[in-house]
Amino acid sequence: MAEIATAILMVIGGAFMLLAGIGIFRMPDLFMRMQAATKAATLGIGCMLLAVAIHFQDVSVATRALLVTAFVFMTAPVAAHVIARAAYSVGVPLWEGTLRDELGEKQRGGEGKGKESAGGGSAYGGSSLRSDGDGQ
Amino acid sequence: MNALMAVTVGFLYASSVYLMLRRSLFKLIIGLVLLSHGANLLIFTAGGLRRAQPPVLPPNQTTFEIPAADPLPQALILTAIVIGFGVLAFALVLFSRAYQVTHSDDTDEFWKPEI
Amino acid sequence: MSLLGLVQQSFQGTVSMDLLTAVVAAFVAAAIVPILYPLLRQATGWFLGLATLGLFGYFARFLGSLPPGGITASREWIPSLGFRFSFLLDGLSLLFALLITGIGALILIYAGGYLGGHKGLGRLYVLLLVFMGSMVGLVLADNLFTMFVFWELTSVSSYLLIGFDHERAEARAAALKALLVTGGGGLAMMAGVLLLGQMGIEAGLAPEVCFEVSQLNTVGPAIKENAFYLPILLLILAGAFTKSAQFPFHFWLPAAMEAPTPISAYLHSATMVKAGVYLLARLSPILAGTVEWLWIVSSVGAITMFWGAFISVRKTDLKQILAYSTVSALGLLMLLLGLGSPAAIAAAVTFVLVHALYKGALFMVAGIIDHEVGTRNIQRLGGLARVMPVTAVAAGLAAASMAAVPPLFGFIGKELFYESTLHGPARVLVTTVAFLTSMLFVAIAIMTGVRPFLGAMTDDTRRAHNAPMSLWLGPATLAGLSLVLGLAPFLLDQPLLAIAHQNVLGDVIDAEHFESLHLALWHGWNFTLALSGFTLVAGCVVYLQRDIFRALPPHFGRWTTDGFYDMVLAGMNSVAKVQTSVLQSGYLRYYLLMIYLTATGLVGYTAATRTNLTLKWDWSDIRFYEWGLCVLIMLGSLFSAYSRSRLTSIAGLGVVGYCVALLFVFYGAPDLAMTQILIETLSVILFVFVFYHLPPSKKLSGPFTRLRDIVVAIAIGGIATILVLQAEQVKYFTPISQFFVENSVPKAHGRNIVNVILVDFRGLDTMGEITVLAVAAVGVYALLKLRPQGGKA
Amino acid sequence: MPSLILRTTTRFMMPLLLLFSLFLLWRGHNEPGGGFVGGLVGASAFILYTLSFSVQATRDALAFDSRSLIGVGLMLALTAGIMPLTQGQPFLAHRNFWVKLELPGFGQLDLGTPLMFDIGVYLVVFGVALTIVLTLTEE
Amino acid sequence: MIMFLWNLLLAIIWAIAVGSLTLPSLMAGLVLGYLSLFFCRRVLGESNYFGKVPQVLRFIIFYIRQVILSNLRVAYDIVTPTHYMRPGVVAVPLDAKTDMEITLFANLMTLTPGTLSLDLSEDRTILYVHTMYIDNNDFVLTRRLIKEGLERRVLEVLR
Amino acid sequence: MTFLASTLVGNTLVASAATVALGMAGIGFSLAFIRLVRGPSLPDRVVSLDLLGTLSVGIIAAYDIMTDQPILLDAATVMALVAFLGTVAFAHYVERKGQDG
Amino acid sequence: MNLLLVLPLLIPLASAAISILFWNSIRSQRWLAVLSMAALFVASLRLLDEVWSGDQILVTQMGGWPAPYGITLIADLFSSIMVVLATLMGLTVTFYSLFSIDKQREAFGYYPLMHVLIMGVCGAFLTGDLFNLYVWFEVMLMASFVLIALGGEKEQLRGAIKYVTINLVSSAFFLAAVGVLYGVTGTLNMADLAEKCNSEQVDPGLITSISMIFLIAFGTKAAIFPLFFWLPASYHTPPVAVSAIFAGLLTKVGVYALIRVFTLIFTQEPEYTHGLILVLAGITMLTGVLGATAQYEFRRILSFHIISQIGYMLLGLGLFGLAESTEVKLLGLAASIFYIIHHMVVKTNLFLISGVVYRLQGTYELKPLGGLYQSCPWLSVMFLIPAFSLAGMPPLSGFFAKLSLIKASLQAEEYAIVFVALLVGLLTLFSMTKIWAEAFWKAVPEQPNPRSKRKSTRVIRKSTENTYRMLLIPISVLAAITVAIGFFAQPVMEASLRAAEQLANPEFYIRTVQGELS
Ligand code: NA
Ligand code: NA
């Protein structure tokens, strides 16, 4: 019984991890890549660690597995958030299919500038990171 | 399985050497980092590889049932990693100070003939 | 035995204190001059001169009372190298010791007058005394290394003395020239002496005494037959010839005339330059008597003799004339030593004394003239006899001795000289050269000792004053001695010169046919006398026609080794510059390239030629995730190498680090993996922070450079691969880690063996490691917080 | 100004990380872990704090200079090594410095100079990592 | 909070009493302690602790369901060749006030696929959320779904 | 296929599942690496590095189960702890860089 | 006797730790520095005395673990001589530093760094374990990295980057070599390695190949040709006290390591390995001295001379492998040891003197220097002693060092190296007289370098006069030692010979480590 549960959890976990990989590989802009990657991977790890906890049937292992799970669930969204925030602030572009950018609209309104393209508004006016981290 | 690890080690060495021969200070330090990776893996491999048998004795046991990985190279590498970190930290700061002085990454602008 | 005991032991030994005291005396005197000089000032010269006279008296005591075999004194020094402080006072060394101390005393007095009030006079006394002590040590030493020590000390003190007027570039250059030439010769001589000692051991001497001249004397024949005889001879001759200014090394001596005259008179005519002669005389019993000796020594001597005299006549500066004539006289002595016959040695021993007396006097006279008139140009001198009559008489006597006018001592010397050339090998040639030189000597003697004092006074001489007694005492004494010894040669022949003569000849001559040296003014009417007479006449003619010599093209004679010396010096400088700019280019990457090339060469070549590598490329049993990781490590490193963006490179590095950590996990090293992960993350953070304000990097090197670097990189990588493979496969012994496994729990109370190793089995490593970390932190802190403020250091 | 979300999360994670670092230190002799890893994790907690707030905030939170941690750590490790010397044992001979303790909740404890040594290592690593990062961040 | 500590203390006492300080015995102690506390609630005075626990459990179930569902939606989008998403940045006015509330809400929202907290306005009243599926280009609806769905429940649990 | 077979030697269900999981995670890992290489922006790379860290946790977990070595889990724990730290540092950098222009 | 072996590590480490704790009290750091260095020196003298008078090799097993397993600290005569010298240099340079290092550097860890540097050097000399040697190398290097960069002046940074990079590369070589050697032999203890590497079943060619990596690694640290570039690029950049201690100690640690491993472990194919060392020694001597010839900067000249002198030190090692007779082997090694002793004292002193010159005239360039012979007679004499000693003039220390090397070379019939050694001696003399002529003899140039602070220092003011006198104390002490080594060369030579004897007979060492003799 435990074996089957372990196996299923592992396969599911693996599948999510694969999904995360595909997501980050395929999605068209940074934000959607993050959307895909962070959550799928977190879920995948959750499954894996659950499998570990079940498989070893040992309190200390299970505790640690749960601890790691909790930790990952705690940190993953924050990590995603800080990167997204930073990326947005330096003007990493949104996908062209993006419908509307209410944050950008507000900022443009505040600064009284009329930039058109989605995601074109950089909070700090920095645009150097658009294509690469630190220029060429 | 040794061949793969050996080639990996060689590759790390080669790329580190190549990087250190560039004119860029930055590449130099990347090369240094790769060099220490190479050296660590070299010790690891040369000491003998054994899969998934950490040299940690199970409770209430004084020997391994299945032969475990050699603990000594591990201890050596651990020491080397930590020392390498200290050195790297200092080297990084040193290099950045050098940048601040010269505002250039090109080592040829940085050095001058020593006569 | 404690170290201190060993030091104490080296003080003990069999000592004849007197002789050692004599050696040390001058050094002690030198040491107290800095105290003495401020007290005595002007009187220092007299004081020191009289003190030195005491030393002279000590040596003079031995005149006629020297036991056969001389007096010895010795003390252990460095037995393990065969060095002893051993001294021998025999006839030869007594002769030189008397010259050194006697003339030294006069020079000290003379110097006080000559340089009175000069700010460097105190130092001059110190150096002169150090030099005197070295010279005394040199001639008294029995151990060749003791002698060599003093030999080099004379070079050093001579360097400092020649550069007495150190603010003048010429003086400095001359000092350097003398030092390099004599120092170079000294080094060669050192090698020669070492070899000689070695051969002495081969010939049966004990290693402790293999450098004792008195011991080596006993194995002379064996050494002469040794295959190393010629190298030894050449090396030792290099030392002697440079020191005694033999052609082609003579050029330093005229240059050394940059020194004030007391120094020139003392070092460069009377004493130091004779050290080479002394050395060859001392070693004659061991080395002389072979064909090589005969030809090398005598031909170098003959060439020097003639060449020196010839150049001398062409000069107009008093000191230059005297310097070249000294070169010539030294050549003469060499020639005689080369000939090596009892007659030649007799002449040599006598001429040493003759030359010291007249040349010392003439030099001091030259100094007086320079001091009182202000010029040394003989063309601007004349009529000085009226101003300084005592000096004039002294000069005249000295010149007469030089010109070998009877009844002066020089005449006896000249007679013996002709005597030996006429009975030596190649006698016509040698005698002709001897005659020509002697003829030139006559001209030189007139030019330096007679001409300035006679005739009309010149503009320069009219302003001259008489010299004080401290100045004329020296030349007068020496010139007087030339006369006294000429008239009464018996005063010194048996008590001194005969013994010296015997010492030089050693066992070379069998006792039956040996005639003891006996000096006399009159040898009867013979060919030698005629030759002497003719020499005088011819010399006067040369003097009258001296303009012919001067009319020769001016660069004639400058095409000598002096120019060669300059060329060598310049050449060495440019070679050094080129070499340094090539090797020490300033570019770090070239340095690294060199190191990598060396590594490739040494390790690669050695592995390829000296061992049979049995490399088993085991590609089996590799799990797919291992493949994946290794490929990722390689790709990651490639990526961080090729990425032009710095932070991207850093991210690539992070990948490599994490993959390495995963490898550690896979191969059962959780501690390593954890450490690696943490360190990698910290490093990435540091990287990010440090490279936060960096300019972009460019592609900087061309295709050839890249190709070259790739080749080097692959070579290093290949070597690393091969070594790893080899080490992984070849396991000769059970690793010591087995012990750790067995003892970890029972003795070290820990199950995590890696950690037990770190804190217990090899805790010392960890101690060092945390020290490194601590220092790194201090370093980072200091480097970032401490900014330079101006050029303080 | 770093994100509020990050700051809040960090405040929660700090004790967790520190506890974990002590845990690693504590059981390092028997399970993976030890002074190095523990010290690094401990420092990570404060590094995270620095990134989420500011260097000054970290300095205030620490209440002591990170450099003195290094000095104390070195002295501690050194003392652990010297203690055997007082009994004529070689330097770092931990063997005779073991105490067995029964503590409720912890089980049987092997306490000895190795732990002291490891604590020294922990402090040094902690202090070093912090000093480096704090200094760099201040730039 | 006091109640929770009480509960924890009871669990530990239980575990010691049972003689094994292990996870299962602690868990058992926790549940049994909760029950005993529940029955004593009148004695100890009113507390929202007893209402909170079922609320939290309900929230967890809701959240897990949410995560799985939205994960599947994203997964479908990832693995199929065509992109179905209709992304945009939505400004969500916040009812959450304290640091804790805002953080928990933002994090939980980020953990559900399809939404990602992008930035918080400086006056902490608006959370900008990157959203992958804005159906019908209706920003108002999306805003409301986020607020009514997750924020409300989070605040319920916390307050 | 030999490698697959060899890992299945234990031939328990769990080991097979672990191998499959490991494989999938590995592919995910590689894809993330490709994103790291491709960028194009620095945040893209940071995200992929973060993902690589997270996936490593999963990979270690799967490997633990496959080899029955719970001890290796500690590495996963540490990985989970610090990958976050790296990401925050990068984000910190990106923002400051923006401020400095 | 455990304590004596450990004290050279404990005293500096404790001092460093305390200094770090008292970071803000420079006064106490200064006092501690001198006291600790003095204590260290006394302790090392005791160590030497113990080794010498007992005619034994002292050994202690760290942690009490038996020999090949734990880390061995071991002091044979060679080690203890080196430790004594290192601590002596530490003491003198620290004293010098008190009066020459600026307040800023003092406030940023100068003294703790100094302690750690000495500790690393002593550790390297005393350890009997190859990996532990690596650790001590790193300790020493790390401290030297910081010391060389401390202050952050432009030139310093330039030099430091080269210094750091090349030393890191060499450390990586060292580490790799240790790893490979452990892989092959399964041990790290040097005595154990000596036994195992020379046992029958081991392929000598493989060991020789590995030894080449050690040659590269240690050769770089020792600054032999063609691995020396870092040295002239960096040694002239830090404050002079730092240059001095580096010049005296660091390269010698490399030489020490070379001598140690190539007498103890890598003696499989001496005609190859030691022949190579001899050739490298010759080229090193020549290139170094020619490099110095091209220089016109005080410290650069001295730096290049270090290289050339390293050649001399290795010459004896080469002879050890090549000579046939035991006597010559011993003489060669002893000569090398003698040379190291001489060189450490002399070279440190010359650097210290260059610092005084800088302090007086504000520059290290020879061209604008001058007039010191007139103004500072005592300093002049103090310069002449080490300078002529370096050039090998008798009866100073360098003479006997050079002479015994040449003697050994002659006996080993390596005449080419004799020629090189003699020639290099002459060129060294040339360089030293160049400094003498330019800085001391020459009058002060008419148009002084505007950057130099000569005007203010032309006349030594009262306030600096005291400092000047204090700086002359360590200089005079070292000069006195130079003279003493010359006059009392016998004890030094005998010590070197006995040290060489121990090196040449590794069985004694090995058995002591294995505990059979203790
Ligand atoms: Na040196
Ligand atoms: Na050095």
Using heavy-atom distances under 4.5 Å, tell me whether G:L45 contacts chain C through its side chain, its backbone, both, or neither. neither

Does the side chain of G:Y69 pick up a donor-acceptor pair with the side chain of C:S737 at under 3.5 Å? no

Please flag which part of G:L422 lies under 4.5 Å from any non-hydrogen atom of chain C: side chain, backbone, both or neither. both

Side chain, backbone, both or neither: which part of G:T220 has an atom under 4.5 Å from a heavy atom of chain C? side chain

Below 4.5 Å from any heavy atom of chain C, which atoms of G:V139 appear? Answer side chain, backbone, both or neither. both

Given that the side chain runs from C-beta out, which part of G:L9 has a heavy atom under 4.5 Å from chain C: side chain, backbone, both or neither? side chain

How long is the straight-line distance from CZ of C:F733 back to NZ of G:K196, given to the nearest 0.5 Å? 6.0 Å

What part of G:L113 lies closer than 4.5 angstrom to a heavy atom of chain C: side chain, backbone, both or neither? side chain

Does C:R762 have any salt bridge (charged side-chain N to carboxylate O under 4.0 Å, His left out) partners at least two apart in sequence or in another chain, and if so, which? C:D765, G:D129

With G:F131 via ring-ring contact (aromatic ring centres under 6.0 Å, His included) - residues at least two apart: G:Y134

G:L497, part contacting chain C, at a heavy-atom distance under 4.5 Å: side chain

Side chain, backbone, both or neither: which part of G:T287 has a non-hydrogen atom closer than 4.5 Å to chain C? both

Please tell me whether G:W65 and C:N743 have a donor and an acceptor in their side chains that are separated by less than 3.5 angstrom. no

Contact part of G:L403 toward chain C, heavy-atom cut-off under 4.5 Å: side chain, backbone, both or neither? both

Between G:P395 and C:V149, what is the shortest heavy-atom contact and its length? CB-CG1, 3.8 Å

Do the side-chain N and O atoms of G:Q490 and C:S80 include a donor-acceptor pair separated by under 3.5 angstrom? yes

Residue G:Y373 versus chain C: region with a heavy atom under 4.5 Å: both

Under-4.0 Å salt bridge between G:E269 and C:R610: yes

